[in-house]
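Keep in mind the model is a prediction, meaning the values are calculated, not measured. Here is how names work: the chains are called A, B, and so on, in the same order as the sequence lines, proteins then strands, and each is numbered from 1.
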Amino acid sequence: MEYNFKDIEARWQKYWQQNNTFKAEDRSTKPKYYVLDMFPYPSGAGLHVGHPLGYIASDIIARYKRHRGFNVLHPMGYDSFGLPAEQYAIQTGQHPALTTKKNIQRYRRQLDKIGFSFDWDREVRTSSPDFYRFTQEIFLRLFNTWFNKKTGKAEPIADLIAAFSFSGTEGVEAAASEDLHFTAEDWNMYSEEAQEKILQNYRLAYRAESTVNWCPALGTVLANDEVKDGLSERGGHPVVQKKMMQWSMRITAYAQQLLDGLEEVDWNESLKETQRNWIGRSEGARVEFSLQGHTEKIEVFTTRPDTIFGASFMVLAPEHPLVDGITVPEYAGAVKKYKEQAARKTERDRMADVKTISGQFTGAYAIHPFTQKSIPVWVGDYVLASYGTGAVMAVPAHDSRDYAFARQFELPVLPVVEGGDVSKEAFEAKEGTVVNSDFLNGLQVGEAIHKAIAQIEEMGLGEGKINYRLRDAVFGRQRYWGEPIPIYYKEGIPMPVKAEHLPLSLPEVDAYLPTEEGEPPLARAAAWEYDPEKGVVAKGEGYPLETTTMPGWAGSSWYYLRYMSPQAGKLVDEEAVRYWQEVDLYVGGSEHATGHLLYSRFWHKFLHDLEIAPTTEPFRKLINQGMILGNSAVVYRVEGKNTFVSYGLRKQYKTTKIHADVALVNSSDELDVEGFKAWRDDLGNAEFILEDGKFKVGREVEKMSKRWYNVVNPDDICAQYGADTLRMYEMFLGPLEQSKPWNTAGISGVHGFLRKLYRLYVQNDSLLVNEEKADKKELKALHTLLKKVTEDMNTFSFNTSISAFMICVNELTELRCSKREILEPLAICLSPFAPHLAEELWHKLGHATGISRVDFPAYNEAHLEEDAFVYPVAFNGKMRFKQELPRNASKESVEKEVMQNEKTKHYLEGKTPKKVIVVPGKIVNIVV
RNA sequence: GCCCUGGUGGUGGAAUUGGUAGACACGCGGGACUUAAAAUCCCGUGGACAGCAAUGUCCGUGCGGGUUCAAGUCCCGCCUGGGGCACCA
């Protein structure tokens with residue numbers, strides 16, 4: 001019997017399930033290893049071959065670590081709240097819970113076929129009330145916490161209230177939306193409502209009027225990372241800026257820690273860089289400029305305080321609160337008009353419009369703090385209200401945007417750093433000698449920045465300051481299919497739902513759309529009010545409950561902790577968490593760099609402050625698997641006709657491209673014409689212009705998507721070649737972290753390898769394995785493989801491991817080696833990659849128990865050694881011939897042997913070499 | 001514009017980190033077995049030139065320089081694919 005993967009795979013998948021083979025222990029004397037995949041959103045389309053790529057890699061590591069004696073936690077679950085299920089519900093009226101359940105079942109079936117070693121007892125689903133009650137608990141903990149800058153930690157809001165009633169804001173250093181000042185008397189006199197309003201300024205989960213990304217098509221707000229180029233990431237709908245009362249997360253409190261934490265994790269550089277860019281730390285100074293005839297001052301933030309003497313005008317954002325107050329009557333009309341015009345522009349317009357410079361003079365003047373000269377104050381939309389202070393001191397000589405503005409409105413340009421020619425463009429380099437700057441003259445830019453800040457602080461004009469680009473994350477979504485926010489409103493004051501009433505379950509609604517008044521879907525629920533004694537009650541019987549739900553990233557920000565104790569009746573079981581600590585290896589796509597991976601670090605640091613999470617970072621090592629791209633097939637239709645032309649002849653016609661289903665194309669790019677005709681109604685009577693009797697398609701590499709008909713389903717591959725072939729082929733395709741197109745053509749090589757390997761053990765239904773002693777060559781073949789695989793486990797270079805397997809098996813086949821001494825370790829080594837086949841072989845070798853926890857065979861360097869080294873002999877660095885020499889020969893004797901060789905003499909042509917270089921074990925180079 | 005990454009045969013990709021470039025696989029060409037096909041096995045396969053031949057010589061890792069006995073690998077200057085940030089002061 002040939003290698004019958006169908007039987008083998010079905011048998012061992014059943015065996016693993018029945019024996020609970022991959023159950024992880026929460027208490028163990030073994031060392032632990034936690035290897036995690038980013039859990040999927042169970043979409044209706046099911047899995048394509050790109051999805052399992054990362055899961056296969058993590059499964060290889062998980063299985064390998066088990067062989068190495070680790071207690072491995074390798075769980076899987078579903079990120080099952082989300083927009084697609086909800087939109088499907090809107091269209092069909094089906095409850096999203098139902099479609100989600102169906103999709104999960106399909107995912108599970110597909111995953112099971114590939115033979116992963118997940119501990120399914122630990123499965124989590126973010127949309128399950130058993131899970132989201134704890135997501136809600138974390139929300140309440142965030143609500144009840146403020147960030148103390150002095151300790152660098154989250155602390156109970158009660159402590160802050162105590163501090164306020166004792167000494168007001170004096171001595172309090174808190175992360176806050178606004179810098180507030182009041183005394184203890186003030187605080188104690190405030191109404192409860194006023195006090196709560198102030199507390200919202202400090203809570204880590206808080207409500208605030210903020211400018212949000214509103215997507216009218218989706219009817220909801222979006223976080224910054226969910227917006228790409230002014231369009232929603234899901235669906236690509238336009239997004240506009242809108243002011244709304246919103247729940248937010250004070251992630252900015254942790255900006256510095258999120259930045260610093262990147263130093264201690266083992267992630268790739270580009271991902272760290274993406275997060276650094278997103279956090280966007282910039283060092284500089286806050287400086288106040290007085291205004292002529294006003295007591296208010298304009299505050300600016302600058303990273304170049306050294307250029308302050310070059311400040312020749314100031315620009316306020318159109319939304320800046322001082323604009324109206326300082327504008328002189330004769331400019332009032334023009335300023336008003338300008339502000340309106342700016343307000344009409346969406347974020348997208350502004351971005352598309354970077355080159356048009358617009359602005360308006362206010363008629364007001366500020367006073368330069370050092371020269372006392374008056375400088376004009378303008379309004380301009382290139383200054384953003386949301387960053388820094390919403391105002392800038394313009395130094396046109398050394399900032400290109402200020403420069404463009406100055407040129408447009410003919411404002412003075414004063415160079416203060418040597419090295420540029422400001423007649424053409426701004427000189428922005430952070431180097432050179434400062435000039436025309438009084439006490440800064442002669443200093444280098446770096447020194448001047450420090451001195452300027454020192455002087456600004458001494459004169460009480462401001463201070464050194466660090467700004468971050470990172471914004472607080474909008475947390476409320478006007479949607480149905482998400483975690484309800486456990487808050488009710490008592491006389492308008494947000495109050496936490498009591499712990500005993502969690503989970504606050506999603507109510508039934510009659511439709512999944514917003515109400516006619518524009519309220520979120522939850523406002524439709526018949527029972528969506530709250531009584532602190534009874535819990536959720538019907539309309540009119542309690543206080544109104546919050547109607548927005550949490551965003552998609554809420555559940556995924558802590559699910560990795562839940563896997564440690566998935567059945568615990570509390571957030572986490574302390575003992576389990578103490579044992580598992582953190583995720584040792586996290587595998588997932590880099591598209592989550594500024595979303596999930598940042599938010600979960602934020603929550604983790606918060607939970608660490610509460611002493612729930614033992615570590616400061618959640619994911620020790622992170623690997624981004626590349627995307628598997630689709631290899632689309634395109635056919636060329638002659639314009640205006642229902643005639644298609646083969647790829648090679650397309651240039652002779654005027655054609656348009658049409659995607660064809662890749663299932664209709666064979667590996668030589670030939671189209672199944674009859675299948676294509678039957679594929680779509682309009683193609684039934686299509687004509688085809690062939691080349692050499694065949695119709696060829698063009699190929700294009702694109703994202704794998706239903707839309708391009710280029711989706712390859714792993715089920716089909718499993719049916720045709722088996723899961724082990726699929727697993728190995730996906731790894732063989734190329735480096736894990738690289739994106740690459742799927743190409744089914746190459747799969748035969750890997751499949752052939754597995755059959756060849758099988759034939760080492762079994763032929764004609766009988767076991768070939770014998771008990772003879774292995775010889776040197778056979779041991780070398782095996783140990784070369786063991787060494788390569790062992791080393792590749794650290795670098796995730798599974799593609800080269802598989803090459804090593806092929807070399808080893810080719811060699812053993814050639815040697816006709818079927819010795820147990822070789823084949824037993826070979827089966828274990830294969831187990832992480834092709835687990836079904838490895839189990840089968842292990843069983844055939846006579847072992848009654850499974851292979852999964854058998855010790856991984858160690859390689860022995862002694863078996864890799866050769867009796868003789870083959871030294872390449874080079875002349876002037878060019879290789880000419882090779883010479884075999886004893887392994888333990890000294891440098892000198894190698895040199896002597898080589899110099900006496902006939903060929904050497906031939907190449908030397910009687911000349912004496914200038915130099916002879918012997919690199920032991922590598923090369924001999926003779927320089928003539 | 002700034003930052004991070006890559007660029008190697010017809011294709012996917014190797015190369016012990018400065019030491020025989022192109023491992024392994026696909027594809028292609030040739031052969032064996034077979035009535036035939038499938039399957040399997042063997043040989044060849046970067047380019048150019050010379051030779052009946054074994055073989056030999058030269059050129060070759062995006063481009064141009066440099067360091068070195070020796071460069072895909074290190075340094076300088078460009079070109080180019082992918083990703084991130086972006087009127088962020």
Integer angstrom distance from the C1' of B/rU17 to that of B/rG84: 28 Å
Look through every strand shown and name the nucleotide pairing with B/rG56 as Watson-Crick or G-U wobble, where both distances are under 3.5 Å. B/rC49
How about A/Phe798 and A/Phe732: are their ring centres within less than 6.0 Å of each other? no
Output yes when at least one side-chain N/O atom of A/Tyr387 is less than 4.0 Å from OP1 or OP2 of B/rA89, else no. yes
Taking the nucleotide of RNA chain B with the closest heavy atom to each, which residue, A/Gln275 or A/Gly752, is nearer the 5' end? A/Gly752
Rounded to whole angstroms, how far apart are OH on A/Tyr382 and C1' on B/rA86? 16 Å
With a 4.0 Å limit, can you tell me whether A/Arg755 has a side-chain N or O closer than that to the phosphate oxygens OP1/OP2 of B/rU40? yes
Parallel, tilted or perpendicular: which describes the rings of A/Phe409 and A/Trp378, with under 30° parallel and over 60° perpendicular? tilted
B/rA48 to B/rA37 separation - P atoms, rounded to the nearest Å: 32 Å
Should A/Phe289 and A/Val287 count as side-chain neighbours, where that means a heavy-atom distance under 4.5 Å? yes
Side-chain N or O of A/Lys740 closer than 4.0 Å to phosphate OP1/OP2 of B/rG12: no
Nearest-Å distance for atom pair CG/C1', residues A/Asn631 and B/rC26: 13 Å
What distance, rounded to whole Å, do you find between the two P atoms, one in B/rG81 and one in B/rA89? 28 Å
Can you tell me the pairing partner of B/rU35 across any strand shown, Watson-Crick or G-U wobble, with both distances under 3.5 angstrom? none
Please determine if a side-chain N or O atom of A/Tyr907 lies less than 4.0 Å away from the OP1 or OP2 oxygen of B/rG56. no
Between A/Asn810 and B/rA25, is there a side-chain N or O to OP1/OP2 distance below 4.0 Å? yes
Which value, in whole Å, describes the distance between the C1' atoms of nucleotides B/rU73 and B/rU20? 15 Å
Whole-Å distance between B/rA86 P and A/Ile279 CD1? 13 Å
Does OP1 or OP2 of B/rA89 have a side-chain N or O of A/Arg286 closer than 4.0 Å? no
Whether A/Arg601 engages the ring of A/Trp267 as a cation-pi pair (distance to the six-membered ring centre under 6.0 angstrom, angle to the ring normal within 45°) should be assessed. yes
Taking the C1' atom of each, how far is B/rU67 from B/rA71, in whole Å? 10 Å
Report yes if the distance between the aromatic ring centroids of A/Phe5 and A/Tyr721 is under 6.0 Å, otherwise no. no
Do the non-hydrogen side-chain atoms of A/Leu598 and A/His592 ever get within less than 4.5 Å of each other? no
What integer number of Å spans the C1' atoms of B/rU8 and B/rG47? 14 Å
Any side-chain N or O of A/Asn277 less than 4.0 Å from the OP1 or OP2 oxygen of B/rC2? no
Does a side-chain N or O of A/Ser282 approach OP1 or OP2 of B/rA89 to a distance below 4.0 Å, or not? yes
It should be established whether A/Arg469 places a side-chain nitrogen or oxygen under 4.0 Å from OP1 or OP2 of nucleotide B/rA86. yes
Look at A/Gln738 and B/rG6 and indicate whether a side-chain polar atom (N or O) is within less than 4.0 Å of OP1 or OP2. no
